[in-house]
Amino acid sequence: MSEYSSCVELYADTDPRAALECMATSIEKDNSIQSEEVAGIAFGLDVCFLILSTTLMFFMQAGFAVLCAGCVRSKNVQNTLMKNFLDACGAAIGFWSVGYALAFGETSDASEITFIGRHGFFMNGVDNYALWLFNFAFAATAATIVAGTLAERCQMISYLAYSTLLTGFVYPVVVHSAWSTNGFLSPANMAPIANTGFVDFAGSGVVHVTGGVTALIAVKILGPRKGRFHDNVGSLLVRPKKIQGHSVSLQVLGTFILWFGWYGFNAGSALKVSDPTFADLAARAAVSTTLGAASGTISSLTLSAFIAERTTGETLFDITNALNGCLAGLVSITAGCALIEPWAAVLIGSVAGVIYVFASDLLVKLQIDDAVDAIPVHFFNGMWGVIAVGLFAVPEYLQDANGRSEHVGWFYSMSRGSADATLLGVNILGLIFIIGWTAGIMLPFFLVLSYLGWFRADALEELVGLDVSYHGGPAQRGDENGSHTSTIMTDAMKSYRYSTEMRKEGDDDDDDENLNGVDDYIGDNGEVELITPHYGSA
């Protein structure tokens, strides 16, 4: 029997007023139950949305690994894959122990400005596990950006050390400043800077500039790969040698995986879809992501083909430029993906492709050897993405995302007749902070690593490949020739290390004359060759 029928049976004949009150109470109770059910469904939907977005982002780790593996020579594939894999592991432990607390350990006083979080270490008191998981994937991405840049000549110990520092301390402070309610740059602050705050919807600055600055500092201190800009005797090459990766197929596959995962990166930054307003933000972010990637690819490929035709007389369509142009477009669109119109996404992505081409050439002129061109993609286009928000952010979309729209994109301000560039100025201020903070910590850190001799692999390890020196052999282990190569390379390394130790001890005797010399394994081009080594006379 329903409660309505019970009310009628109990009171209808004796007290009509009581019957009506009983019915009203029953209706309120039913509405309350329905509201709780709806709230529960909405919460579950939002949690599922965050977990799905996290899985897409985490799949980007596979994309980074495959892309980096394709960009390096076959003798370093295993080492590159291992470093990318350890990024995810290190980020998980670092973010669990201290990173999340420093980033989002907010105080009870929402008006208080703090430099770092103070609560939630080792996830004590953290109840929103889905949000932790989502932000862990962001931290892992920031660390992985650096992996490819240092490929083929970085020691394992230094890689683990910088990855832990970046995800456990440097990156969380940036996150706290830009995205926490207690951060001094955050638009979620009760009193944000200039009543607008630093607007970076999904992390062009927070994630990509942080990783890009770290990569730039690290690679400058680490130095270029052997044979990139100098010959075997140290003389500067007339034309820098382009070191080709061993697999274009892996590069293409890795880029496709990254593009796929980027939908979780950008659309997931809406954080929930139970609210129609935030669902629209997520959908708009996904559309902008698509258009930014496509336009970045086309502009980069077109410009590089035009430059090649002007300089060589041949129109060459370089797939590497196309792939990195795609990634440049994705990085640049990340900051404003939910805050701009589709036409602006096309424009931002197109400019990103152009920036990539010229930034890549600039690094070569400065003799900075970025093995995967991560610095032009993430650092330069991360900055462009943050600046683009200050130019193209739509007032209505800013209101939906941040709850305020007093200061909007500069072009929209001009349409209001004010030419207010406050948002642009605050975003530039945010970039200055991110670059300054990251450089201030990572520069002395890498200098110390280099001084201690823990940063760069020794010369022979680099020449024979890090797969042999750190992992016992090449990645392709089923090939007899590969096994033979591994044996020769290992023998060369042992000989080199032994003779080096003898020289350090001052032993000038000729007892080691039968050892294979390093030069026995190195051809004129600076690469290891499978030539028959000479031996000392009997």
Side-chain angles (χ1 to χ4, degrees), residues 49-50 52-64 67 134 137-138 140-142 144-145 199-209 211-212 252-273 277-301 322-356 377-378 380-389 391-394 397-398 400-401 409:
F49 174 69
L50 278 180
L52 175 61
S53 298
T54 300
T55 55
L56 288 174
M57 276 199 294
F58 190 75
F59 193 45
M60 291 173 69
Q61 296 297 313
F64 280 118
L67 175 62
F134 182 75
F138 269 76
T141 301
T144 308
I145 290 171
V199 179
D200 183 2
F201 184 79
S204 288
V206 173
V207 178
H208 296 282
V209 171
V252 174
L253 177 60
T255 303
F256 265 124
I257 293 175
L258 288 173
W259 187 347
F260 176 71
W262 226 287
Y263 290 110
F265 202 97
N266 287 355
S269 294
L271 300 182
K272 59 182 179 180
V273 290
T277 299
F278 285 87
D280 285 341
L281 289 173
R284 193 179 306 114
V287 171
S288 297
T289 300
T290 304
L291 296 176
S295 56
T297 302
I298 294 171
S299 67
S300 175
L301 182 62
L323 298 176
N324 285 327
C326 174
L327 297 178
L330 288 166
V331 170
S332 67
I333 210 67
T334 296
C337 56
L339 310 174
I340 58 175
E341 297 287 1
W343 64 264
V346 173
L347 179 58
I348 293 170
S350 298
V351 173
V354 174
I355 291 175
Y356 161 72
V377 168
H378 297 278
F380 285 93
N381 279 292
M383 291 192 294
W384 161 236
V386 172
I387 292 171
V389 172
L391 300 175
F392 300 106
V394 179
Y397 302 159
L398 278 171
D400 291 342

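- You'll find the side chain of I340 reaches within 4.5 Å of the side chain of I333, heavy atoms only.
- Annotation: side chain of S269 is in contact with side chain of F134 (closest heavy-atom distance under 4.5 Å).
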Would you mind writing out the side-chain donor-acceptor pairs for residues 277-288 within the sub-3.5 Å range, not counting sequence neighbours?
{"residue": "R284", "atom": "NH1", "partner": "A338", "partner atom": "O", "Å": "2.9"}
{"residue": "S288", "atom": "OG", "partner": "R284", "partner atom": "O", "Å": "3.1"}
{"residue": "S288", "atom": "OG", "partner": "C337", "partner atom": "O", "Å": "2.8"}

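- Legend: residues meeting side-chain contact (heavy atoms from CB on, under 4.5 Å) with F58, ordered by chain and number and at least two apart, are Q61, A88, F136.
- Panel note: side chain S332, backbone G329; a donor-acceptor pair is recorded below 3.5 Å.
- Note: M60 CE to F265 CZ = 5.5 Å, rounded to the nearest 0.5 Å.
- Side-chain contact between W262 and L56 is absent, with no heavy atoms from C-beta onward closer than 4.5 Å.
- From T141, atom OG1 reaches atom NE2 of H208 across 7.0 Å, with rounding to the nearest 0.5 Å.
- Y263 and T290 form a side-chain donor-acceptor contact under 3.5 Å, judged by distance and modelled atom types alone.
- Separating the CG atom in L323 from the CG atom in L258 is a distance of 10.0 Å, to the nearest 0.5 Å.
- Closest approach of V377 to Y356, counting heavy atoms only: CG2-CD1, 4.0 Å.
- Nearest approach of G382 to V209, heavy atoms of both residues: C-CG2, 3.5 Å.
- I257 approaches A62 most closely through the heavy-atom pair CG2-C, 4.4 Å.
- To the nearest 0.5 angstrom, N266 atom CG is 9.5 Å from M57 atom CE.
- The shortest heavy-atom contact between T297 and C326 is OG1-CB, 2.9 Å.
- A donor-acceptor pair under 3.5 Å is absent between the side-chain atoms of S300 and the main chain of G296, judged by distance alone.
- Looking at every heavy atom in both residues, G385 comes nearest to A335 through O-CB, 3.6 Å.
- To the nearest 0.5 angstrom, L327 atom CG is 10.5 Å from I145 atom CD1.
- In terms of heavy-atom proximity, G205 sits nearest to D200 at N-OD2, 2.8 Å.
- A donor-acceptor pair shorter than 3.5 Å cannot be found between the side chains of W384 and S204.
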Q) Stepwise, does the side-chain contact (heavy atoms from CB on, under 4.5 Å) test hold for F392 with L347? A) CA-CA 10 Å; F392 300 106; L347 179 58; 3.6 Å; yes

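- Residues forming a side-chain contact (heavy atoms from CB on, under 4.5 Å) with V394 (at least two apart in sequence, or on another chain): E341, E396, Y397, Y412.
- In this structure, CZ in F260 is found 13.0 Å from OG1 in T289, a value given to the nearest 0.5 Å.
- The aromatic rings of W259 and F256 lie parallel to each other, their planes meeting at an angle below 30°, with 60° marking the opposite boundary.
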